[in-house]
**Q** 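Structure provided below as structure tokens; questions to follow.
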Amino acid sequence: MSNEQEPRAAQAHFESRLAKLERLRERGVDPYPRRTERTHTSSEARALFEDDENTEHGVAVVGRLMTMRGMGRLTFATLRDGSGDIQVSFARDRFDPDDYQALKDLDLGDFLGVSGTLYRTRTGEVTVQADSYSVLGKALRPPPEKWHGLRNVEQRYRQRYLDLMANDEVREIFVVRSAVVSAIRRFMEDRGFIEAETPVLVPVAAGAMAAPFVTRHNALDRQLFLRIATELNLKKLLVGGFERVFEIGRIFRNEGIDAAHNPEFTTMESYEAYASYTDVMEMVESLVHQLVMLTHGKSTVTYDGQEIDLAPPWRRLPLIDAIREWSEIDLLSEEMRTADGLRAAMRERGLTPAEDSSWPQLVDKLIGDLVEPRLIQPTFLLDYPIEMTPLAKATEGDARLVERFEGFIGGMEVANSFTELNDPIEQAARLQAQEENREQFRDEDFDRLDEDFVTAVEHGMPPAGGLGLGIDRLVMILTGQTTIREVVLFPQLRTLE
RNA sequence: GGCCCGCUAGCUCAAUCUGGCAGAGCAGCUGACUCUUAAUCAGCGGGUUCCAGGUUCGAAUCCUGGGCGGGUCACCA
């Protein structure tokens, strides 16, 4: 029901529609019937007539009433269904007088069913000449303004259904998103990966460096977390004998909200036994290329005013080289390997690292400030410091680095991959070091030691290449959106009052 | 969290700089109209200008605080 807080004008509109609803009921019309007759979608009906204009085609169409133009004894209306719009016309001489009069009790936004015959109007529009109509769902509130749609950004997010109703280009973004997710699933299945569903509620929020959401299970009387990654459970499946697994799912990180971050977001993680991160690089290039060909029919997209070519091969750039080139800091030198030394060097270059940040945080900031914004064309950054990556295998010949890459497009991180660490003793030690760092730096973002996971690796895990792909950000690139809220149907907002 | 911007009728926007009756289009209501498609024509109604306080004879407008949203910086993989 309409609530009493509501402005008077809105209340009046609501009550006017309620009165029409009552009148329909008084005439014995059920405004919310259980069954619908539909023979054609609106685009099917139009095609049917255009294929053969000389035959009489009877159709029953349905849809939302978008416009209505009454001209005395003749009324035109537009219905919109999932396939598009179709015009219908009501001629008074084809109706019982009461039924024609009752068109007045219809409102924009109502769902209607119309049966009749297809014809072409004098102005050329394929139209259903109605013999009968029925209300399928009376709307008590009006649709957004018909020329300008809904512009208010806050309302677009809070009432996304109105946004979808009014703005075609918004609807198109989510159609593309669906096609992208579906294509990713097909790509993985075609390569022999099987899809897994692992728990969202977990006893330890491990597998990434991020702050978790905390919740509670009453019957078990214990604290649980929402997963911050799907990584560890998927690797347990490698231990169990699946050689190729993936999961498309929501993960949750209790961190800031901005144009590139929503607290819940969707990733595709995959693990392939007997592969390494170089194999994964090729898979990512190939997957993204396939997606851009699907959505654009070519390998290039325009993003934030820049032309980006996603065709393989992508640039491969060692992280250490990237940092050296754009900051002239040699991350491997002795003095840069301490937090104090690195912080001082960053300050000399005009950066503003926090006083209490840990060394991995500083490196992260260095990447974020100086490297990431320059990676507009697709680029793999290779080989990260071991301190910031506890789940990856060390690079051959340099124990300070691990085999890890991140994939960047348009200055955004979209992929993260390791040659997975499968040495249980080293794994336990590396995660233990994360625990100690978290204590020492009071930084909740260090990874956590999950004993169950270590036990699993102790049973023997095959060598593997793993991947995490940020689906929201990929969809941003593929739809030209510069904020994540435009590719998430219901982005997180503060609640009102 | 800092800074900047925004919030006016159901919707899209004016009026805010320079304080002086808060307007328009769409939507709604009444009527006319058998070829409209942003229908048209005639008429009507609709406002706690985000909230609270202040300055003033007078506040949508200026000031202070707050809310929500957007941008940006910081933080955050």
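Protein chains get the first letters and strands the later ones, always in sequence-line order, with residue 1 at the start of each. Below, each value reflects all heavy atoms present in this structure, side chains not excepted, and no hydrogens, waters or symmetry copies.
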**Q** Once you round it to whole Å, what is the distance between P of G70(B) and CD of E486(A)?
**A** 10 Å

**Q** Would you indicate what R253(A) reaches in the nucleic acid, counting non-hydrogen atoms under 4.0 angstrom: base, sugar-phosphate, or nothing?
**A** sugar-phosphate

**Q** Give the rounded distance in Å between these two atoms: CG of D258(A) and C1' of G69(B).
**A** 15 Å

**Q** Counting heavy atoms from C-beta on, name the nucleotide in C76(B), U34(B), G70(B) closest to the side chain of L74(A).
**A** U34(B)

**Q** Classify the nucleic acid contact of T75(A) as base, sugar-phosphate or nothing, counting any heavy atom under 4.0 Å across all strands shown.
**A** nothing

**Q** Please report the distance separating the C1' of C62(B) from the corresponding atom of G47(B), rounded so that it comes out in whole Å.
**A** 22 Å

**Q** In dot-bracket form, how is RNA chain B paired, counting a Watson-Crick or G-U wobble pair only if both its distances are under 3.5 Å and using | for bases paired to another strand?
**A** (((((((..((((......[..)))).(((((.......))))).....(((((..]....))))))))))))....

**Q** Apply the side chain to side chain contact (heavy atoms under 4.5 Å, CB included) test between L469(A) and each candidate in L287(A), T267(A), T266(A); give the one that qualifies.
**A** L287(A)

**Q** Pick the closest RNA chain B nucleotide for A211(A) and for A91(A) by heavy atoms, then say which residue is nearer the 5' end.
**A** A91(A)

**Q** Provide, to the nearest angstrom, the distance between the CD atom belonging to E264(A) and the P atom belonging to C76(B).
**A** 22 Å

**Q** Identify whether any heavy atom of R122(A) sits under 4.0 Å from a base atom; if not, whether one sits that close to sugar-phosphate; answer base, sugar-phosphate or nothing.
**A** base

**Q** With rounding to the closest Å, how many angstrom separate the C1' atoms on G6(B) and U16(B)?
**A** 13 Å

**Q** Quick one: is G70(B) close enough that its OP1 or OP2 comes under 4.0 Å of any side-chain N or O from R485(A)?
**A** yes

**Q** Can you check the H13(A) NE2 to A27(B) P distance for me, whole Å?
**A** 11 Å

**Q** Could you check whether D107(A) pairs with K138(A) (Lys NZ or Arg NE/NH1/NH2 to Asp/Glu carboxylate O, under 4.0 Å)?
**A** yes

**Q** Quick test of your reading of the model: are K393(A) and E420(A) salt-bridged, counting only N-O distances below 4.0 Å?
**A** no

**Q** Taking atom P of C75(B) as reference, at what distance in whole Å does atom NE2 of H261(A) sit?
**A** 12 Å

**Q** So if I take every side-chain heavy atom of D369(A) and compare against G10(B), C68(B), A74(B), which nucleotide ends up nearest?
**A** A74(B)

**Q** Out of A27(B), A74(B), U36(B), which has the shortest distance to the side chain of T121(A)?
**A** U36(B)

**Q** Out of C35(B), C26(B), G28(B), which nucleotide sits closest to the side chain of S16(A)?
**A** G28(B)

**Q** For nucleotides A15(B) and A52(B), find the distance between their C1' atoms and express it as a whole number of Å.
**A** 24 Å

**Q** May I ask you to say what T78(A) touches in the nucleic acid, namely base, sugar-phosphate or nothing, with a heavy-atom cut-off under 4.0 Å?
**A** nothing

**Q** Taking the C1' atom of each, how far is U56(B) from G20(B), in whole Å?
**A** 12 Å

**Q** Would you indicate, yes or no, if U36(B) has its OP1 or OP2 atom less than 4.0 angstrom from a side-chain nitrogen or oxygen of Q87(A)?
**A** no

**Q** Going from CD on E172(A) to OG1 on T479(A), what distance comes out if it is rounded to the nearest 0.5 angstrom?
**A** 9.5 Å

**Q** With a 4.0 Å cut-off on heavy atoms, is N152(A) in touch with a base, just the backbone sugar-phosphate, or nothing at all?
**A** sugar-phosphate

**Q** In whole angstrom, give me the gap between the P atoms of U40(B) and C57(B).
**A** 49 Å

**Q** By the definition side-chain hydrogen bond (donor to acceptor under 3.5 Å, both in side chains), identify the one residue from E269(A), E247(A), E231(A) that meets it with T198(A).
**A** E247(A)

**Q** Starting the side chain at C-beta, find the nucleotide from U12(B), C35(B), C68(B) nearest to Y119(A).
**A** C35(B)

**Q** For atom C1', what is the distance between A24(B) and A14(B), given to the nearest Å?
**A** 7 Å

**Q** Rounded to the nearest 0.5 Å, how far does CG of L366(A) lie from CE of M336(A)?
**A** 10.0 Å

**Q** State which of A74(B), U12(B), A39(B) makes the closest approach to the side chain of K365(A).
**A** A74(B)

**Q** With respect to the phosphate group of A39(B), does any side-chain polar atom (N or O) of R69(A) fall under 4.0 Å of OP1 or OP2?
**A** yes

**Q** Counting the atoms with a prime plus P, OP1 and OP2 as sugar-phosphate, which does K104(A) contact under 4.0 Å by heavy atoms, base, sugar-phosphate, or nothing?
**A** nothing

**Q** If you assign each of K20(A) and G149(A) to its closest nucleotide in RNA chain B, which residue comes earlier from the 5' end?
**A** G149(A)

**Q** Return yes if the base of U36(B) and the side-chain atoms of T123(A) contain a donor-acceptor N/O pair under 3.5 Å, otherwise no.
**A** yes

**Q** Does R73(A) get its side chain close enough to the base of U34(B), under 3.5 Å, for a donor-acceptor pair?
**A** no

**Q** Salt-bridge test for R337(A) and E387(A): reply yes if a basic N is under 4.0 Å from a carboxylate O, no otherwise.
**A** yes

**Q** Please state how far atom CD in E154(A) lies from atom P in C68(B), giving the value in whole angstrom units.
**A** 9 Å

**Q** Considering only side-chain heavy atoms of M71(A), which listed nucleotide, G70(B), C33(B), U12(B), is closest?
**A** C33(B)

**Q** Give me the one residue out of T395(A), L421(A), T389(A) that meets side chain to side chain contact (heavy atoms under 4.5 Å, CB included) with E403(A).
**A** T395(A)

**Q** Please evaluate the base of U36(B) for a donor-acceptor partner in the side chain of E125(A) within a cut-off of under 3.5 Å?
**A** no

**Q** Do Q155(A) side-chain and G69(B) base share a donor-acceptor contact under 3.5 Å?
**A** no

**Q** To the nearest 0.5 Å, how far apart are CE in M412(A) and CG in D304(A)?
**A** 9.0 Å

**Q** Show me, pair by pair, the donor-acceptor contacts under 3.5 angstrom made by side chains of residues 85-92 of chain A, not counting sequence neighbours?
**A**
residue: D85(A); atom: OD1; partner: R80(A); partner atom: NE; Å: 2.7
residue: D85(A); atom: OD2; partner: R80(A); partner atom: NH2; Å: 3.2
residue: Q87(A); atom: OE1; partner: R69(A); partner atom: NH2; Å: 2.9
residue: Q87(A); atom: NE2; partner: T127(A); partner atom: OG1; Å: 3.0
residue: S89(A); atom: OG; partner: Y119(A); partner atom: OH; Å: 2.8
residue: S89(A); atom: OG; partner: Q129(A); partner atom: OE1; Å: 3.3

**Q** Specify the separation, in whole Å, of atom CZ of R141(A) and atom P of G28(B).
**A** 16 Å

**Q** How would you label the contact of R156(A) with the nucleic acid (heavy atoms, under 4.0 Å): base, sugar-phosphate, or nothing?
**A** nothing

**Q** For R158(A) and G70(B), what is the distance between atoms CZ and P respectively, to the nearest whole Å?
**A** 8 Å

**Q** What integer number of Å spans the P atoms of C50(B) and C13(B)?
**A** 15 Å

**Q** Evaluate salt bridge (Lys or Arg N to Asp or Glu O under 4.0 Å) for E486(A) paired with R156(A), printing each intermediate quantity in order.
**A** CA-CA 10 Å; E486(A) 294 293 351; R156(A) 286 184 46 234; 2.7 Å; yes

**Q** Measure from the side-chain heavy atoms of P142(A) and tell me the nearest of G71(B), C33(B), G10(B).
**A** G10(B)

**Q** Mind checking the P distance from C51(B) to U8(B)? Whole angstroms is fine.
**A** 10 Å

